[in-house]
Trainee: 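Let me begin by handing over the structure; questions about it come next.
In listed order, ligands and their atoms are each counted from 1. Numbering starts at 1 and runs along the sequence shown.
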Amino acid sequence: MLILLDTANFEAITRMYDLFPYDGVTTNPTILKNEKNDPMKQLLRIWEFLPAGSALHAQVISVTAEEMVEEAHYMVKRLGEGLYVKVPVSAQGLKAISILSKEGIHVTATAIYTPMQAFMAAKAGAKFTAPYVNRIDNMGADGVKAAMDIHDMLRMHKLDSDVLAASFKNSQQILELCRHGIGSVTAAPDVLEALIRHPATDHAITAFNNDFAEAFGKNKTMLELYEI
Ligand code: E4P
């Protein structure tokens with residue numbers, strides 16, 4: 001399962017990439033607004049930092065298909081052909097997805113709230129479909145199940161598209177999708193950090209290190225010890 005960071009905060013991206021094995025960065029207009037920087041400059045800064053093989057997803061703002069296509073062309077020109085252009089699944093968006101995909105531009109269909117929206121986007125050529133898990137939960141439906149249904153439908157109908165599940169508020173939602181074999185998820189740094197945090201692990205590390213210190217001296221590591 002690919003794991004992407006859903007943020008445009010450069011400090012968070014560099015800090016998290018230093019520690020964890022991530023596969024890329026996703027952004028949306030709200031995320032870019034939070035950085036209070038020229039959005040294209042911010043995206044370029046992130047792109048230049050990302051290791052080879054990483055993905056960057058950035059969203060168009062336009063609402064008509066023609067304008068979305070023009071905007072996507074500009075974004076790919078500035079950010080490179082590796083960019084995944086996020087297009088919301090309105091009717092105009094589906095038309096834009098179709099045009100862009102036929103041109104060979106990678107498209108991520110976004111703002112997905114139902115499995116059929118994802119199915120139509122995949123049929124139009126989107127490489128990724130992004131259901132908003134937590135937002136679906138907040139509407140009284142089941143976001144995890146929606147993402148699983150999309151995964152199964154794409155496989156069953158042999159569509160060349162994968163789920164990029166988005167909008168998470170807790171690690172349990174990600175665990176359930178990981179168990180189901182979902183292709184990729186994107187989440188904010190705090191949610192991703194929580195994936196590996198466990199007080200029992202911290203407790204075990206402290207207990208091991210206290211035992212070692214008791215036997216071989218305070219603050220000693222294997223580096224300071226040598227065979228006698
Ligand atoms: C995905 O495409 C969106 O950028 C994002 O995941 C939405 O998350 P939110 O519901 O936390 O705003």
Trainee: Give the residues near ligand 1 by chain and number, with the criterion being a heavy-atom distance under 4.0 Å.
Mentor: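 Residues within 4.0 Å of ligand 1: D6, N28, K86, T110, Y132, R135, A166, S167, K169.
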
Trainee: Applying the side chain to side chain donor-acceptor pair (under 3.5 Å) test to Y74, which of R78, E71, E70, K77 qualifies?
Mentor: R78

Trainee: Heavy-atom count around E214 CD within 6.0 Å, excluding the residue itself: above 12?
Mentor: no

Trainee: Quick one: side chain to side chain donor-acceptor pair (under 3.5 Å) partners of R15, sequence neighbours excluded?
Mentor: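 If we apply the side chain to side chain donor-acceptor pair (under 3.5 Å) test to R15, skipping adjacent residues, the hits are E193.
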
Trainee: Is the CE atom of M75 crowded by more than 12 outside heavy atoms at less than 6.0 Å?
Mentor: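 Counting other residues, nucleotides and ligands, CE of M75 exceeds 12 neighbours.
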
Trainee: Sorted by first residue and then second, give each ring pair (Phe, Tyr, Trp, His ring centres under 6.0 Å) pair with at least one member in residues 80-101; sequence neighbours left out.
Mentor: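 Qualifying pairs: H57-Y84, Y84-H106, Y84-F128.
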
Trainee: For residues 152-166, which residue pairs qualify under side-chain hydrogen bond (donor to acceptor under 3.5 Å, both in side chains), counting only residues two or more places apart or in two chains?
Mentor: K127-D160, D152-H180, R155-D162

